[in-house]
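Chain naming here is simple, since letters A, B, ... match the order of the sequence lines and numbering starts at 1 in each. This structure is a prediction, so every number in the text was calculated from the model and none was measured.
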Amino acid sequence: MSGGRLVVVGNGMVGQRFVEALRARDHDRRWQVTVLAEERRPAYDRVRLSAFFDGVSAEELTLHTPDDGVELRLGEPALGVDRDRRVVRTAAGEHPYDALVLATGSYAFVPPVDGTDLPGVFVYRTLDDLAAIRAHAAGRRAGAVIGGGLLGLEAANALRLLGLATSVVEFAPRLMPVQLDEAGGAMLRRYVEELGVTPYLGVATSALRAGPDGTVGALELSDGRTVDADLVVVAAGIRPRDELARAAGLPLGPRGGVLVDTTCRSADERIWAVGECAAVDGTCHGLVAPGYATAEVVADRLLGGAATFPGADTATKLKLLGVDVASFGDPHGTTPGCLDVTFTDPATRSYAKLVLSDDAKTLLGGVLVGDSSAYPTLRASVGGPLPGPPLALLAPAGAGTGAGALPSAAQVCSCNAVTREQIDAAIAGGAVDVPAVKACTRAGTSCGSCVPMLKQLLDAAGVRQSTALCEHFDAGRQELFDLVRVRGIRTFSQLIAEHGRGRGCDICKPVVASILASLGTGHVLDGEQASLQDTNDHFLANLQRDGSYSVVPRIPGGEITPEKLIVIGEVARDFRLYTKITGGQRIDLFGARIEQLPQIWRRLVDAGFESGHAYGKALRTVKSCVGETWCRYGVQDSVGLAVALELRYRGLRAPHKLKSAVSGCARECAEARGKDFGIIATETGWNLYVGGNGGFRPRHADLFATDLSTAALVTLIDRFLMYYIRTADRLQRTAAWIEAMDGGLDHLRAVLLDDSLGLCAELDAAMARHVASYSDEWRDVLEDPERLRRFTSFVNAPDVPDPSITFAVERGQPVPARGAPPAAGADRRRQPVALGLPEVRR
Amino acid sequence: MSPSLTLDWTPVCALDRLDPDRGVAALVDGVQVAVFRAGGELYAVDNLDPVGGVYVMSRGIVGSRAGTPTLASPLHKQVYDLRTGRCLDLPGVALRRHEARCRDGLVEVRLRQEE
Ligand code: SRM
Ligand SMILES: Cc1cc2nc3c(=O)[nH]c(=O)nc-3n(C[C@H](O)[C@H](O)[C@H](O)COP(=O)(O)OP(=O)(O)OC[C@H]3O[C@@H](n4cnc5c(N)ncnc54)[C@H](O)[C@@H]3O)c2cc1C
Ligand code: SF4
Ligand code: FES
């Protein structure tokens, strides 16, 4: 039997893949194919189903490629199979077969609970389900999902995006119980709560109750609690659709599904099963990759081949809006004698577990939550030796996950079964970047999770990564700065037309905007420059997580009169702004809507305040200690110098932000050595330190020059800042700039003190221009109606405030309202903080 | 499709109010829409950042990637194809698109209907 009439029942993901695989190999058209499909649309990408809620249309999800050799009968489900006469019956008639392939997938399991038949209760399986969910969600407020597995969390996220306050009810004591262990589940729970979804764990739903309008209104839980929900999605598991096989008297698997052997053939030699409805050797697989494998096996067998099912890779990786969750191999450590290595990092909020063989040499499986950068390497290493010491593999940010250590037979891309050897061959054959590797090998073209590993393999093979700023400019920031300065270029359009290509992007536009601003080309919101700015510079305020902005007036040196403090208090009160003292010795006012910014600044400017540039890559603050004026140890007026320096360098735009501090004695209460430039008083003058940094990678500043007079100090700082602005890379703080400099501090001293490059006069003049041309950005905006008109939430409704910005009250102040009820938030804060130490247990 | 949405074109602003490559937000039938003028074309997409869940897309930077006109979220910088709405950095994520046109110097927007 290697030809004749072939009937395929079901046009889902696997049924479609089967038809394509057969067509690709059946060159002589030995099989004449009829596909019977229950759904009214051709096969679509069910794995990406949720993208429908992000605006991806049904057509865009379609997988179907029309083939004239295949008769696709949409909306015509198979009703029965007559094995004796070898026909499939449908409402339209009978379809005779020589071979029959069942590809009927699964249905969503709905537990026998009262009320699941109410309007407003849905499952999450087909495009029609999702369209119905969206229609019902309109105008409703609360949603609930029954089931906290992979699918339930995906559905919960969809409800959240539809604007519903969302709860998830899971019978097991943790989320994703199949894939995750307890600690992984706890970490995931924290993320899920932060997204505003409320989990109810370790409880069952005992009934669904109708609301006043007759549609579903609430869930009753087994512990007596009630959860409001006017839309409910049931995601409590799937069951194979084996009803045709059952009625035709074919044997089924122990948990249902058409029982087939490893050739995917049922007890009837003419009937095969693929995808989720097939119980291969008794086991059904609910993922698409093993389904595709069954499709390939049957296509091969029907053409006389000898393929068998290779076993399933149950690895999963899920990205729920920024939360990475991955599990692979044997995540629960069910292999006798296996060892666990776990790692919890509260700073990056990631959790990882590796399951190793009893001799700790072979990787058996694992779980990653929060940071799954090690997933591709680890997944490819399951069953083989560890590609490095366990701790190095798990350390966040992918440190040490070196794909370079993988054996050549390791499978790098599991979706497309591509090994390291094949990728290395492609690189040797001239593939110089990820797109080229993808094109040659198909690696990385499906789920994409192996792409980071492709990059690592390119690195390991010594392929040089480009230093270009982005795809629009081959030059780096320093070269662009010189081009703009030397050629007198004044606009981005001119620069990209003459020295770049394309239309720019969120990398090069702000860089060029900053260069133009450093060179003093007028207000940052003038003309074309406005379109280059990041949102912070564009609204001269800092974007917050809820879409509102914060306002930071400049308080030079941290010194402020009581009158000015009162004005800040009054403004904060009148506009209901959350108020906080910052780490930079000034005051931040949070929660302003765009159209409020000019009103707020009108009041502040009238009281003598200026922009604090908290939003810009520019001078932030010059902190001070109280100094000689009051302090019994102080030897110089540190406040006076801090105020003078802050006023001198205010508004100076740079490759990254700039911070400074002045301490009145060596006790160093202003923490000057943590700043880009820090000054510490001596009996006879000032010591200057440069290249300090707090933040992500703290670094103490280096002593640059000692016992300087105030005038000499200021000249030196002028040159230091201007040289930094000219030569640093994009987003490179002074610490990293000095570390990367050829010759380091000695070179810097030669340039700035001995004028070894003959640049000093130019640098001095550039700073003099900056000081002379400074004017307050916010005052300039308030005086110019053209600039002011940008400050509305809606162009067609300037008086309407953005309705999506709403507040709750915490400790007497407004804070962004989140979806999660306070109980969940309080719970989260009580979570114990795990230590970032490895723990090995038997 | 929620029944409250209509198929009418809504004028949102004069064309010259829309600076090239810099978006504005508009309210269209109660939906927040981000409208852009880029490379001589008009584009309208949802103002909702699908990753961050907040209404900020009109404040993103417009540009291009390999010739495709793009919009970067101002919140966490994911880049979207302005023509299809698809996120070029995260699989399965997309911005919902709407229709925009210019009539008699006015920019008009119509919410896109999914079937
Ligand atoms: C408000 C404040 C926290 C506070 O409540 O105290 C703050 C808030 C932010 N910091 Fe900071 N930092 C604040 C003091 C600091 C300090 C302490 C200091 O300045 O003395 C540091 C460490 C010192 C340093 O910078 O070396 C600090 C290191 C950072 C970093 C890491 C920089 C680094 O080099 O690693 C970032 C991220 C960045 O800039 O890329 C950052 C970024 C941010 C941003 C801009 C994040 C963002 O993009 O939204 C926050 C803006 C909030 C807003 O709307 O104002 N913030 N930040 C402080 C404002 C100081 C001020 O008055 O201007
Ligand atoms: C929201 C969602 C997210 C998912 N995410 C992932 C993921 O990230 N990774 C992953 O690996 N898997 C995922 N899956 C699972 C994956 O979609 C399935 O494994 C895959 O679709 C199985 O393909 P199939 O062809 O066996 O079944 P299906 O795609 O369900 O197709 C079966 C088809 O057969 C039709 N049919 C049934 N009975 C008959 C009949 N009698 N006559 C005619 N037609 C019939 C059905 O209507 C259906 O169209 C997800 C599933 C969902 C619902
Ligand atoms: S440390 Fe700074 S950047 Fe981080 S959350 Fe606090 S204020 Fe924001
Ligand atoms: S592992 Fe999915 S594309 Fe490579």
Side-chain angles (χ1 to χ4, degrees), chain A residues 47-48 50-60 131 134-135 137-139 160-161 195-196 319 321-322 447-448 470-472 502-510 527-528 530-536 538-539 543 545-547 594 789-790 792-797 800 802-805 819, chain B residues 1-5 10-13 17-22 24-28 32 35 38-39 45-56 58-67 69-70 72 74-77 79 84-87 90-97 107 112 114-115:
Chain A
V47 168
R48 282 182 62 224
S50 296
F52 179 71
F53 287 128
D54 296 326
V56 175
S57 68
E59 304 89 79
E60 285 168 281
R134 181 156 78 191
R160 189 184 80 93
L161 286 179
L195 292 175
K319 183 135 188 149
L321 293 190
C447 74
C470 61
E471 68 170 57
H472 306 102
R503 310 230 307 257
C505 65
D506 58 308
I507 294 172
C508 59
K509 282 185 168 182
E528 193 198 68
S531 76
L532 307 179
Q533 309 292 352
D534 255 325
T535 187
N536 283 7
H538 190 252
F539 290 115
L543 178 65
R545 61 186 313 137
D546 62 344
I594 290 174
R789 78 178 185 162
R790 299 180 191 283
T792 48
S793 286
F794 301 111
V795 69
N796 61 342
V800 177
D802 181 342
S804 71
I805 296 178
Chain B
M1 185 78 266
S2 70
S4 62
L5 304 186
T10 306
V12 296
C13 66
R17 169 70 180 76
L18 209 51
D19 292 334
D21 287 3
R22 181 46 78 171
V24 296
L27 277 175
V28 178
Q32 289 200 29
V35 188
V45 295
D46 247 29
N47 199 28
L48 178 68
D49 176 333
V51 178
V54 289
Y55 292 81
V56 296
S58 59
R59 312 175 210 159
I61 289 182
V62 170
S64 67
R65 199 182 267 186
T70 56
L75 203 60
H76 289 133
K77 314 287 179 214
V79 172
T84 63
R86 192 165 300 171
C87 183
L90 296 175
V93 174
L95 267 180
R96 195 191 251 285
R97 284 171 295 149
V107 177
R112 206 169 106 108
E114 298 294 340
E115 87 265 49

- Note on the structure: Most heavy-atom pairs under 4.5 Å with chain B, out of A:Arg48, A:His538, A:Lys509, belong to A:His538
- Message: Looking at A:Phe53, I'd like to know if its CZ atom is crowded, meaning that more than 12 non-hydrogen atoms belonging to other residues, nucleotides or ligands lie closer than 6.0 Å.
- Response: yes
- Message: Taking salt bridge (charged side-chain N to carboxylate O under 4.0 Å, His left out) as the criterion, tell me which of B:Lys77, B:Arg22, B:Arg59 meets it with A:Asp534.
- Response: B:Lys77
- Task: Side chain from CB out, backbone as N, CA, C, O: work out which of these in A:Thr792 comes under 4.5 Å of a heavy atom of chain B, or both, or neither.
- Result: side chain
- Note on the structure: For B:Arg17 and A:Arg789 the tightest heavy-atom approach is NH2-O, 3.1 Å
- Item | Structural part of B:Val45 lying under 4.5 Å from a heavy atom of chain A | neither
- Which bit of B:Thr84 comes within less than 4.5 Å of chain A, counting heavy atoms only: side chain, backbone, both or neither? both
- Query: Of the listed residues (B:Gly63, B:Pro20, B:Gly60), which shares the most heavy-atom pairs with chain A below a 4.5 Å separation?
  - Reply: B:Gly63
- Counting only heavy atoms closer than 4.5 Å, note whether A:Ile507 contacts chain B via side chain, backbone, both or neither. neither
- Are side-chain heavy atoms of B:Val56 and A:Thr535 found at a separation under 4.5 Å? no
- Message: Would you say that B:Gln32 contacts A:Ser793 through its side chain, given a criterion of any heavy-atom pair below 4.5 Å between the two side chains?
- Response: no
- Please look at A:Ala137 and chain B and tell me whether the side chain, the backbone, both or neither of the residue comes under 4.5 angstrom of a heavy atom of that chain. neither
- Among A:Gly139, A:Gly547, A:Cys508, who wins on heavy-atom pairs under 4.5 Å with chain B? A:Gly547
- Exercise: identify the closest heavy-atom pair between B:Ile61 and A:Pro510: CD1-CG, 3.6 Å
- Per-residue contact mode, B:Arg86 against chain A (heavy atom under 4.5 angstrom): side chain
- Query: Does any heavy atom of chain A fall under 4.5 Å from the side chain of B:Ala25, the backbone, both, or neither of them?
  - Reply: both
- Message: Testing the basics here: between A:Asn796 and B:Val12, what is the closest heavy-atom pair and its distance to 0.1 Å?
- Response: CB-O, 3.3 Å
- Can you tell which part of B:Leu75 gets under 4.5 Å to a heavy atom of chain A, answering side chain, backbone, both or neither? both
- Which bit of A:Val47 comes within less than 4.5 Å of chain B, counting heavy atoms only: side chain, backbone, both or neither? neither
- Message: For A:Val56 versus B:Ala94, what's the shortest heavy-atom pair and its separation?
- Response: CG2-CB, 3.2 Å
- Note on the structure: Distance col, row A:Ser804:OG vs B:Leu48:CG, nearest 0.5 angstrom, shows 8.5 Å
- Task: Over all heavy atoms of both residues, which pair between B:Cys13 and A:Val795 is shortest? Give the atoms and the distance, please.
- Result: CB-CG2, 3.7 Å
- Is the side chain of B:Ser64 donor-acceptor paired with the backbone N or O of A:Arg503 at a distance under 3.5 Å, no angle test? yes
- Of the backbone (N, CA, C, O) and the side chain (C-beta and beyond), which part of B:Asp21 lies under 4.5 Å from a heavy atom of chain A, both, or neither? both
- Task: Could you pull out the closest heavy-atom pair between A:Leu543 and B:Pro74, with the gap in Å?
- Result: CD2-O, 3.8 Å
